[in-house]
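Report on one structure; see the data block that follows.
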Amino acid sequence: MHDTGPLLAAIIGGIVLAAILGMLAHRLRISPLVGYLIAGIIFGPATPGYVADTAIISQLAEIGVILLMFAVGLHFSIKDLLAVKSIAIPGAIVQITVATLLGIGLSSIIGWSMTTGLVFGLCLSTASTVVLLRALEERELIESKRGRIAIGWLIVEDLVMVLTLVLLPPIVTMMGDNDHINFWDIVTQITKTVGLVIIFIVFMIIVGRRVIPWLLAKSASTGSEELFTLSVLGIALGIALAAVQLFGASFALGAFFAGMALTESELSHRAAHNILPLKDAFAVLFFVSVGMLFDPHILIEYPLATLSTVIIIIFGKSIAAYFIVRIFGHTKRTALTISASLAQIGEFAFILAALGKLLGVFPDEAYSLILAGAIISIVINPFIFNLVEHYLSRTENIVDKIIDPLAVTNQLIPQGLKNHAILVGHGRLGSTIARQLKSRNIALVVVDNSLTLIEQLRNEGVIAVFGNASKPETLELAQLETARWLIISTPNGYEAGEICSQARKARPDLAIYVRAFYDDEAEYIAEHGATGVITGEEEIAKHILGLMHLEPTADNADEAKIADLDADKEKKINIPINANLPEGDGSPI
């Protein structure tokens, strides 16, 4: 029998089991994260049967963190980061201080030393980047003002935790033996660590913003999608590793600034799309790795301590964050979103706890409490977000809604539109279609889930709706009831099928045209109510035959000519949208 080895067994077993339990969790209408965590528990040493290699899974999970932070950086600019510094920096520092003091208080009640309490409190003070980003992605908040503040807050937390990891050994020594500590050594260490991180950030801002886009442009010019994807991964992983090895930063911080350096490049959207599958797969392994570390016996042996730990994580630091955000003049909506974002712990908590054990100041009980608190808070966090959103939808006043950028954007949608086109997705194909429609004086409403893009379009005078088009309320904002056409240019064919289904229920008579990449996608979209499904290959073939003065033999030769072209082909071939549409005839675009 062939030996799969611990690496293959960990990857295959973790992904397969996570997929099964994630689907089951989704079927039960709970977050798939719960299924991933349970998969980890099943794979871990606390349950009978096969036990995966925890160290391997944890290292694979780190790749997920790197890719996730790189993808966030692709949608986050220096301007966005500086815009939230006034709240993110003081807010994160105060919140970390409050959580650390609460942890020290609990540890003193349990009977642990002051040093143990310090490490324990610091573990409770830092939230998981992966959990936060998943929550924001699911609710389309990453590019909202609230999402930007939450991400900026966690970036500051990461910087503080990097500094903590460097300073913890001398601090532990100082607290254990005051006679043999050199305070100048600590000052020197702080200066060195902060200096290196600043040098790294400045290097990425000045040099990285020029070199990284140039490298990807060179890769894209080869015409090989494989080389381009490999280059994206190489840049993300390589810079993350360099940040750790050369500058003493973290993997997450390095990857984030690598993504930010690429933000202004035209290739950023293509890079984000190419790493999406890998990012999702490895991010799932992060949750599996967390589940593997959990020992359910801690719930029986230390129930009150476990409950107290969870209360500090979910309520202690969240309440502190709420008041901090409110004091700085932000709305209740923003304050509650930040509070929900911080109501969990993750990556850095495990790293700090492991370092505490290595230094001999962190007992096994404390380590188990951190893991229990992480598991429970990660499971509960999606429900907290849902409660916050439900509460805000019922109680927030008009002032809160007007101040929120999402509400501002969508409240400005003019009423009374008729016979207009709704365009879902404003990428390369979508923007081409939009220009063609504008040249024909056809009224247009763009729907996209990028707030930055929506704000840009509105500044250009384009009517735009921010949101997920698969949700009925989003299409309703786009005036679906009076629209003449719906054009879906999103790259995900199955998502497009869901949008078709929602639109067809609301408007049985609507003309819906969708792009697709593959035959199975085209079939799925057609089954869900599309009037016409267009694939790039089909339209390119028709156009080439047209240039050769040959008529296509397909029965649908008179159908729409919306082409989905790759980057290189688009430069060489321009397939126009059918012109001269008579008003009110319902002809396809």
Problem - With sequence neighbours excluded, residues passing salt bridge (charged side-chain N to carboxylate O under 4.0 Å, His left out) with E225 - result: R270
Handout entry: S489 (side chain) donor-acceptor with V424 (main chain) under 3.5 angstrom
Key = yes
Handout entry: N/O donor-acceptor pair under 3.5 Å between H420 side chain and A478 backbone
Key = yes
Exercise for the section: Return the set of residues passing side chain to side chain contact (heavy atoms under 4.5 Å, CB included) with A135 (not counting sequence neighbours), or none when no residue passes. Expected result: R139, N381, F385
Practice task
Side-chain contact test, heavy atoms from C-beta onward, threshold under 4.5 Å: evaluate it for F257 versus I201 and give yes or no.
Solution key: yes
Completion exercise
Sequence neighbours excluded, the answer for side chain to side chain contact (heavy atoms under 4.5 Å, CB included) partners of I15 is I11, L285
Practice task
Please examine the side chains of L241 and F251, heavy atoms only from C-beta on, and report whether any two atoms are closer than 4.5 Å.
Solution key: yes
Practice task
Return the orientation label for the F200 and F247 ring planes: parallel under 30°, perpendicular over 60°, tilted otherwise.
Solution key: tilted
Problem - Atom CD of E226: over 12 foreign heavy atoms under 6.0 Å - result: no
Practice task
Rounded to the nearest 0.5 Å, what's the gap from CD on E157 to OG1 on T164? Could you check?
Solution key: 10.5 Å
Handout entry: Partners meeting side chain to side chain donor-acceptor pair (under 3.5 Å) with S231 (sequence neighbours left out)
Key = S219
Practice task
Using ring-ring contact (aromatic ring centres under 6.0 Å, His included) as the criterion, list what pairs up with F228, not counting sequence neighbours.
Solution key: none
Fill in the blank from the handout: Residues passing the side chain to side chain donor-acceptor pair (under 3.5 Å) test with E498, sequence neighbours excluded, are Y524
Practice task
With sequence neighbours left out, write down each residue that passes side chain to side chain contact (heavy atoms under 4.5 Å, CB included) with V207, or none if nothing qualifies.
Solution key: F203, V211
Completion exercise
Q344 meets the side chain to side chain donor-acceptor pair (under 3.5 Å) criterion, sequence neighbours left out, with none
Practice task
With sequence neighbours excluded, tell me which residues meet side chain to side chain contact (heavy atoms under 4.5 Å, CB included) with I206.
Solution key: V202, R210
Problem - Side-chain donor/acceptor of S341 to backbone N/O of L132, under 3.5 Å - result: no
Problem - Set of residues satisfying side chain to side chain donor-acceptor pair (under 3.5 Å) with respect to T474, sequence neighbours excluded - result: none
Exercise for the section: Quick one: do V197 and L253 satisfy side-chain contact (heavy atoms from CB on, under 4.5 Å)? Show the steps, please. Expected result: CA-CA 10 Å; V197 172; L253 197 66; 4.2 Å; yes
Handout entry: Any L246 side-chain heavy atom under 4.5 Å of L196 side chain
Key = no
Problem - R146 side chain reached by T331 side chain, heavy atoms, under 4.5 Å - result: no
Problem - Interatomic distance, I499 atom CD1 to T490 atom OG1 [nearest 0.5 angstrom] - result: 5.0 Å
Fill in the blank from the handout: Value for CD1 (I338) from CG (L154), rounded to nearest 0.5 Å, stands at 9.0 Å
Problem - Value rounded to 0.5 Å, distance of CH2 in W153 from CD1 in I149 - result: 9.0 Å
Handout entry: Non-hydrogen side-chain atoms of V462 and H426 separated by less than 4.5 Å
Key = no
